[in-house]
Amino acid sequence: MDAGTCTTPGCFKTTYGSELCHKCLEGVLPMQRGPVKVKEAMRARLLGGEDKAVTRRRMIQHGQPTDMLDRGSSNEKN
C-alpha cells in the first residue's frame with residue numbers, strides 16, 4: 001500500500017489505503033488535538049489555505065505563537 005497524507009484540513013498524519021488517518025477516522029479532528037508541532041506548522045505554511053487557517057486556530061487555542069506561519073511572507077510578496 002502507498003502512504004499518503006490525511007485529507008482533513010490541518011491534519012498532516014500519514015494514511016495507508018484511506019483518505020483519512022486513524023485519528024480522523026476515530027473522530028478526533030485536528031482542533032481537538034494537542035499543541036501544534038513545528039513540523040505541522042511548517043507544512044501548514046507551505047500548503048496555505050484551509051490547512052494554514054486550521055493550524056493557526058489550533059495554535060491560538062493552545063497559546064502558541066503563530067509568527068512561524070507568517071515567516072517568509074514578506075519575501076513572497078516581492
Side-chain angles (χ1 to χ4, degrees):
M1 285 195 213
D2 292 335
T5 304
C6 184
T7 58
T8 303
C11 182
F12 305 105
K13 303 250 181 238
T14 302
T15 64
Y16 295 96
S18 174
E19 291 185 0
L20 301 175
C21 69
H22 69 281
K23 292 262 188 195
C24 290
L25 284 171
E26 292 170 1
V28 184
L29 300 175
M31 288 301 294
Q32 300 165 333
R33 298 181 193 168
V36 175
K37 296 176 183 164
V38 173
K39 187 176 181 179
E40 293 174 321
M42 294 298 108
R43 284 187 182 173
R45 187 176 89 187
L46 290 172
L47 293 173
E50 187 66 19
D51 289 297
K52 188 173 179 179
V54 169
T55 303
R56 182 181 306 279
R57 287 194 305 266
R58 191 170 152 206
M59 291 176 88
I60 291 168
Q61 177 184 11
H62 291 287
Q64 296 176 282
T66 60
D67 62 334
M68 75 171 52
L69 290 176
D70 299 319
R71 289 184 190 157
S73 296
S74 60
N75 294 340
E76 293 169 1
K77 292 178 185 176
N78 293 334

Backbone of Pro35 reached by a side-chain donor or acceptor of Gln64 within 3.5 Å
no
Give me each pair satisfying salt bridge (charged side-chain N to carboxylate O under 4.0 Å, His left out) with a member in residues 25-40, each pair once, sequence neighbours excluded.
Glu40-Arg58
When rounded to the nearest 0.5 angstrom, what distance separates NZ in Lys23 from OG1 in Thr8?
13.0 Å
Whichever hydrophobic residues join Leu20 through chains of side-chain contacts under 4.5 Å:
Leu25
What closest approach, in Å, do Gly10 and Thr55 show between heavy atoms, and which atom pair accounts for it?
CA-OG1, 4.2 Å
Give me the atom names and distance for the closest heavy-atom approach of Val54 to Pro30.
CG1-CB, 4.1 Å
What verdict does the side chain to side chain contact (heavy atoms under 4.5 Å, CB included) test give for Leu69 and Lys52, after you've listed the backbone C-alpha separation in whole Å, the side-chain angles of each residue and the deciding distance to 0.1 Å?
CA-CA 7 Å; Leu69 290 176; Lys52 188 173 179 179; 4.1 Å; yes
Please report the closest heavy-atom contact between Cys21 and Lys13, naming both atoms and the distance.
CB-CB, 3.6 Å
Check Thr14 against Ala3 and note the closest heavy-atom contact, atom names and distance.
CG2-CB, 3.7 Å
May I have the step-by-step check of side chain to side chain contact (heavy atoms under 4.5 Å, CB included) for Arg45 and Met68, ending in yes or no?
CA-CA 8 Å; Arg45 187 176 89 187; Met68 75 171 52; 5.5 Å; no
For atom CD of Glu19, is the number of surrounding heavy atoms from other residues, nucleotides or ligands below 6.0 Å larger than 12?
no
Does the side chain of Arg43 come within less than 4.5 Å of Leu46's, by heavy atoms?
no
Closest contact, heavy atoms only, Ile60 versus Thr66
CG1-CG2, 3.8 Å
List, by chain and number, the other hydrophobic cluster members for Phe12, where Ile, Leu, Val, Met, Phe, Trp and Tyr join if side-chain heavy atoms come within less than 4.5 Å, directly or indirectly.
Leu47
